[in-house]
Amino acid sequence: MISQLSWKIGGQQGEGVESTDRIFSTALNRLGYYLYGYRHFSSRIKGGHTNNKIRISTMPIRAISDDLDILVAFDQESIDLNAKELRPGGVVVADAKFSPTVPEGVEARLFAVPITAIAEELGTSLMKNMVASGASWALLGLPLEVFNKAVEEEFGRKGPAVVEKNVEAVKRGAEFVLEQAGGPLDEFRLEPADGKQKLFMIGNEAMGLGSLAAGCRLMSAYPITPASEVMEYLIKKLPKFGGTVVQTEDEIAAVTMAIGANYAGVRTMTASAGPGLSLMMEAIGLSGMTETPLVIIDTQRGGPSTGLPTKQEQSDINALIYGTHGEIPKVVIAPSTIEECFYDMIEAFNVAEKYQVPVIVATDLQLSLGKQSCEPLDYDKIQIERGKLVTDELPQLEQHALFKRYEFTEDGVSPRVLPGAKNGIHHVTGVEHDQEGRPSESAINRKKMMEKRLGKLANLRIANAVKADAPNEAPELLIVAMGSTGGTIDEARGRLNREGISTNHVTVRQLHPFPSDLLEPHLKSAKKVVVLENNATGQLANLIKQNVGYHDKIENLLKYDGTPFLPSEIEKACKELR
Amino acid sequence: MATFKEFRNNVKPNWCPGCGDFSVQAAIQRAAANVGLEPEQLAVISGIGCSGRISGYINAYGLHGIHGRALPIAQGVKLANRELTVIASGGDGDGFAIGMGHTVHAIRRNLDITYIVMDNQIYGLTKGQTSPRSAEGFKTKSTPEGSIESTLSPLEIALSAGATFVAQSFSSDLKQLTALIEAGLQHKGFSLINVFSPCVTFNKINTYDWFKENIVNLDQFEDYDPSNRVAAMNKIMETGGMLTGLIYQDKGRKSYEDLAVGFRQEALAKQDLKLSAGDFDKLLAEFK
């Protein structure tokens, strides 16, 4: 019996790859397996090779695997492109329709199943995803009734006849392949899982859910890959809580609408990716200057310009930290797990209101779109903190006096009232202003206001601003990273450890203001530091050099071809760099 | 009940003496009082430019944002607190050049806000460049040989974008302007009020006298029916866009807030943020 396995389905975009993956993984989740998914897709709707890969395990996993055990292929191209990943003894389940062949040199068992033919016999070739998934499910020797339950849920709303047909398709696929193979394949027998259903979601959904839990009731956004799922999730949910999602005409409208709504007292956010963030930069300055809370999600993808819209990259770091003209206080948070996607949204909204600043939550494509198991999310951890929001009745103001919305205080944060409050009238402007918000060009006021705003974040450290797994006092290697790469790093570390190479692993979760003090001891104790990131210029490494130092110890480990790191790549590079 | 004086503050506008914007400011203050508002119930959201300063000159909640973005900010304010009366305001450059995209889509969206444009056919704060509202041949610092681009007709655009309230006025006609702003504030949906507001410093063509000579006041036509969209479009074209008065109003269409499924009557800003444990569990169950 094995404890983990990798399964992949490939075909033309629009051919049912997504739905096959969805039903297959839902059924596995029912059995209690931990899952971690990876989508390879292109910026087009129909046509073009696409594949979805799932790692299945009895233990928590947060990385795609180096190799592949089972490949389900709807066309020869899927075999040609992916066969090299198959481990010796792997399996290909392919549609007999195209007389599949396995490339020379690949040691794999091929099962040609009349996938299309069975589906057409049952009424429509659309059901070939059911035949294919049924066949691969059967090879694993997993209980068919669990799979059928998932099918029922997927098609239930289309009526019992449709469910029945799809269940039949699964059965026919299973029967055919079992006959060919002479029963389930023993070498792919998974150890039973714990039977406890896990939460199974993508990072974008976790962030949507986190926003809802944080009290976000409005979202204004413009569709973009890979961020759209956040708005698609929230448009289904927000109306139930009195709010809504507005699809705006562009990202500038999205961010300024969010600023207006936050100013008027509703936790509002927008979500986008690099191109949208570029358009938002001026407005982010308005939020900083007017001390209006604002939360923005940036799902990083391949840049620059349109770049690689459907591929992995972590190259917005500089833009997020330095973007907008002039100088404002700003917070950039980078969740590194699916659970953090949820909890960090709550923290982001709290920080935005407590410090009255823009907060950017930056994921990367793999974290945003990779569907994976998620540990239980704790209701009791949802705390809503609104900072110096004044809700009490206010004393009457003297004639022509305004509420001191920008009052100088010890911590730089001023009391905030919402429009509508009696005796709270004040002015808000992106022009430099005095304590009442009125435009002011006074040099003395300017200096004090700049210091007030920029001083607000002096001591800000979000929860686990730097997350460390540091078992070694003086490790041979310290690996520093951010975003979705953590699970892959830990897998590589396991292998390095077995070879006697000691490693510590630090994840930077607060990218700005940079938590230098928390990072410094880790750099100090390590012999060598590898900063691993999905970009070409080493933006995180440069931040560390700029803020902490240790230039002589730091080595870059960069990948910017659009694909996530594999454990073997990290393992190999670490051996070379140490 | 507040009078228009309560909508005044003690800030001296930085507009040039004789600027049309003074009257627009006065008309907003009067209209707000006339419809029964208290200062704290009004939010004026403005853009950048001479006229954009207006939010600082009215005793009400005010936000002076960034160039061209008064409308999305104002829509955000309204969505957050639909109990507020929200006015968006700015110049023709703000609304019809850099912010034109927002103008068209705010019209389509039809949130219950009032947009007052101070249209002086020129860029004043940057000291005299051409605007989308400048006439062809209009000479400015940026068009020394005269503008070679066609003049934008915001009224035609508004009608074709599905506007539910379109009006135009002249800053000298304080009575008509005040009445139109009142009507706009009371209209349940997006109201566009374009106001000819002469720039006495940089626009020597479109002067007060020029407007007085060229304006066609709709109030003189007893049989004009502002509920007829085709007639409205014809009238705009017939007069070369030089008409004033209530041009078009559709009282039937519901506002965005009323059409959005689940969007509550009570201000969102007043609602409890915390999810109940039961709701949270239900949300989680969908991911199993």
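Throughout, protein chains are lettered first and strands after them, A, B, ... in sequence-line order, and every chain is numbered starting at 1.
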Visitor: Hey, is CZ on B:F96 packed in by over 12 heavy atoms from elsewhere, all under 6.0 Å?
Guide: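 Counting other residues, nucleotides and ligands, CZ of B:F96 exceeds 12 neighbours.
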
Visitor: If I measure from the heavy atoms of chain A, does B:F280 come under 4.5 Å with its side chain, its backbone, both, or neither?
Guide: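 Just its side chain gets close to chain A.
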
Visitor: Pick one of side chain, backbone, both or neither for A:F241, based on which atoms fall under 4.5 Å of a heavy atom in chain B.
Guide: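 Both backbone and side chain.
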
Visitor: For B:N14, which atoms come within 4.5 Å of any heavy atom of chain A: side chain, backbone, both, or neither?
Guide: neither

Visitor: Non-hydrogen atoms of chain B under 4.5 Å away: do they reach the side chain of A:F349, the backbone, both or neither?
Guide: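 Neither the backbone nor the side chain of A:F349 comes within 4.5 Å of chain B.
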
Visitor: So for A:T292, is it side chain, backbone, both, or neither that comes closer than 4.5 Å to the heavy atoms of chain B?
Guide: neither

Visitor: So which part of A:R438 gets closer than 4.5 Å to some heavy atom of chain B, the side chain, the backbone, both or neither?
Guide: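 When you check distances to chain B, only side chain atoms of A:R438 fall under 4.5 Å.
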
Visitor: If we ignore angles and hydrogens, is there a donor and acceptor under 3.5 Å between the side chains of A:T248 and A:S220?
Guide: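 Note: A:T248 and A:S220 side chains miss the donor-acceptor criterion.
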
Visitor: May I ask you to say whether B:K270 pairs ionically with B:E83, meaning some side-chain N is under 4.0 Å from a carboxylate O?
Guide: yes

Visitor: I'd like to know which of A:G420, A:C216, A:G215 tops the heavy-atom pair count under 4.5 Å against chain B.
Guide: A:G420

Visitor: Taking atom types as modelled and ignoring hydrogens, do the side chains of B:N110 and B:S255 form a donor-acceptor contact shorter than 3.5 angstrom?
Guide: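 Side-chain D/A pair, B:N110 to B:S255: absent.
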
Visitor: Under a 4.5 Å heavy-atom cutoff, which of B:H67, B:Q271, B:R264, B:E266 has the most pairs with chain A?
Guide: B:R264

Visitor: For B:A277, which atoms come within 4.5 Å of any heavy atom of chain A: side chain, backbone, both, or neither?
Guide: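 Both parts, heavy atoms under 4.5 Å.
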
Visitor: Has B:K12 got its NZ or CZ under 6.0 Å from the middle of the six-membered ring of B:Y57, at an angle within 45 degrees of the ring axis?
Guide: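 The answer is no, since B:K12 fails at least one limit relative to B:Y57.
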
Visitor: Verify the neighbour count for atom NZ of B:K274: are there more than 12 heavy atoms of other residues, nucleotides or ligands below 6.0 Å?
Guide: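 Count over threshold, so yes.
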
Visitor: Where on B:L84 is there a heavy atom nearer than 4.5 Å to chain A: the side chain, the backbone, both, or neither?
Guide: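 Looking at B:L84, just its side chain touches chain A.
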
Visitor: Let's test your reading of the structure: which of A:I382, A:T268, A:T26 forms the most heavy-atom pairs below 4.5 Å with chain B?
Guide: A:I382

Visitor: Flag the pair B:E286 and A:K237 as a salt bridge only when some basic side-chain nitrogen lies within less than 4.0 angstrom of an acidic carboxylate oxygen.
Guide: yes

Visitor: Pick from A:E205, A:R267, A:H433, A:K240: which one has the most heavy-atom pairs with chain B under 4.5 Å?
Guide: A:E205

Visitor: Answer yes if the side chains of B:S197 and B:D21 hold a donor-acceptor pair under 3.5 Å, and no otherwise.
Guide: yes

Visitor: Is A:A254 close to chain B through its backbone or its side chain, or both, or neither, when contacts mean heavy atoms under 4.5 Å?
Guide: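 No part of it gets close to chain B.
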
Visitor: Do A:E436 and A:Y406 come within less than 4.5 Å of each other through their side chains, counting heavy atoms only?
Guide: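 No, every pair of side-chain atoms sits at 4.5 Å or beyond.
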
Visitor: Among B:D92, B:N120, B:D119, exactly one meets side chain to side chain donor-acceptor pair (under 3.5 Å) together with B:R133. Which residue is that?
Guide: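 The passing option is B:D119.
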
Visitor: Do B:L71 and B:T103 come close enough that some side-chain heavy atom pair is under 4.5 Å?
Guide: yes

Visitor: For the candidates B:G76, B:A269, B:A260, which exhibits the highest count of non-hydrogen atom pairs separated by less than 4.5 Å from chain A?
Guide: B:G76

Visitor: Heavy-atom pairs under 4.5 Å with chain B - which of A:L209, A:T244, A:I252 has more of them than the others?
Guide: A:I252

Visitor: Heavy-atom pairs under 4.5 Å with chain A are the metric here; pick the option from B:D279, B:N59, B:L275 that has the most.
Guide: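 The residue among B:D279, B:N59, B:L275 with the greatest pair count is B:L275.
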
Visitor: Non-hydrogen atoms of chain A under 4.5 Å away: do they reach the side chain of B:Q75, the backbone, both or neither?
Guide: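 Both parts, heavy atoms under 4.5 Å.
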
Visitor: Can you tell me which portion of B:L42 sits under 4.5 Å from chain A's heavy atoms? Options are side chain, backbone, both or neither.
Guide: neither

Visitor: Pick from B:G99, B:A60, B:G52, B:A74: which one has the most heavy-atom pairs with chain A under 4.5 Å?
Guide: B:A60

Visitor: By a 4.5 Å heavy-atom criterion (distance strictly below it), what part of B:R108 contacts chain A: side chain, backbone, both, or neither?
Guide: neither

Visitor: If we ignore hydrogens and angles and just use 3.5 Å, is the side chain of B:K78 paired with the main-chain N or O of B:R82 as donor and acceptor?
Guide: yes

Visitor: With a 4.5 angstrom heavy-atom cut-off, which part of A:A421 approaches chain B: side chain, backbone, both or neither?
Guide: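 Both parts, heavy atoms under 4.5 Å.
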
Visitor: Do B:H187 and B:T164 make a side-chain contact, defined as non-hydrogen atoms from C-beta onward lying under 4.5 Å apart?
Guide: yes

Visitor: Under the criterion salt bridge (charged side-chain N to carboxylate O under 4.0 Å, His left out), I'd like the reasoning laid out for A:R405 against A:E291: C-alpha separation, chi angles, the key distance, then a yes or no.
Guide: CA-CA 9 Å; A:R405 169 68 184 89; A:E291 306 193 43; 5.2 Å; no

Visitor: Please look at A:K198 and chain B and tell me whether the side chain, the backbone, both or neither of the residue comes under 4.5 angstrom of a heavy atom of that chain.
Guide: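 A:K198 touches chain B through backbone heavy atoms alone.
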
Visitor: Sort out for me which of A:N423, A:V246, A:L402 touches chain B most, counting heavy-atom pairs under 4.5 Å.
Guide: A:V246

Visitor: Where on A:I384 is there a heavy atom nearer than 4.5 Å to chain B: the side chain, the backbone, both, or neither?
Guide: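 Answer is side chain: those atoms of A:I384 sit under 4.5 Å from chain B.
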
Visitor: Using non-hydrogen atoms and a 4.5 Å limit, figure out which bit of A:P439 sits close to chain B: side chain, backbone, both or neither.
Guide: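 Contact with chain B involves the side chain of A:P439 alone.
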
Visitor: State, with a plain yes or no, whether a side-chain heavy atom of A:I328 is found less than 4.5 Å away from one of A:I284.
Guide: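 They are in side-chain contact.
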
Visitor: Counting only non-hydrogen atoms closer than 4.5 Å, does A:L212 touch chain B with its backbone (N, CA, C, O), its side chain (CB onward), both, or neither?
Guide: both

Visitor: Decide whether a cation-pi geometry holds between B:K127 and B:F202; the criteria are a distance under 6.0 Å from NZ or CZ to the six-membered ring centre and an angle within 45° of the ring axis.
Guide: no

Visitor: What part of B:S46 lies closer than 4.5 angstrom to a heavy atom of chain A: side chain, backbone, both or neither?
Guide: neither

Visitor: For A:V417, is it the side chain, the backbone, both or neither that has a heavy atom under 4.5 Å from a heavy atom of chain B?
Guide: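 The answer is the side chain of A:V417.
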
Visitor: Only one of A:L294, A:I296, A:V230 clears side chain to side chain contact (heavy atoms under 4.5 Å, CB included) with A:M269; which?
Guide: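 Considering A:L294, A:I296, A:V230, a side chain to side chain contact (heavy atoms under 4.5 Å, CB included) with A:M269 is found only for A:V230.
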
Visitor: May I ask you to name which of A:A264, A:G265, A:G242, A:G430 has the most heavy-atom pairs under 4.5 Å with chain B?
Guide: A:G242

Visitor: Check whether A:F200 gets within reach of chain B through its side chain, its backbone, both or neither, counting any heavy atom under 4.5 Å.
Guide: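 Both backbone and side chain.
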
Visitor: Can you tell me which portion of A:D380 sits under 4.5 Å from chain B's heavy atoms? Options are side chain, backbone, both or neither.
Guide: neither

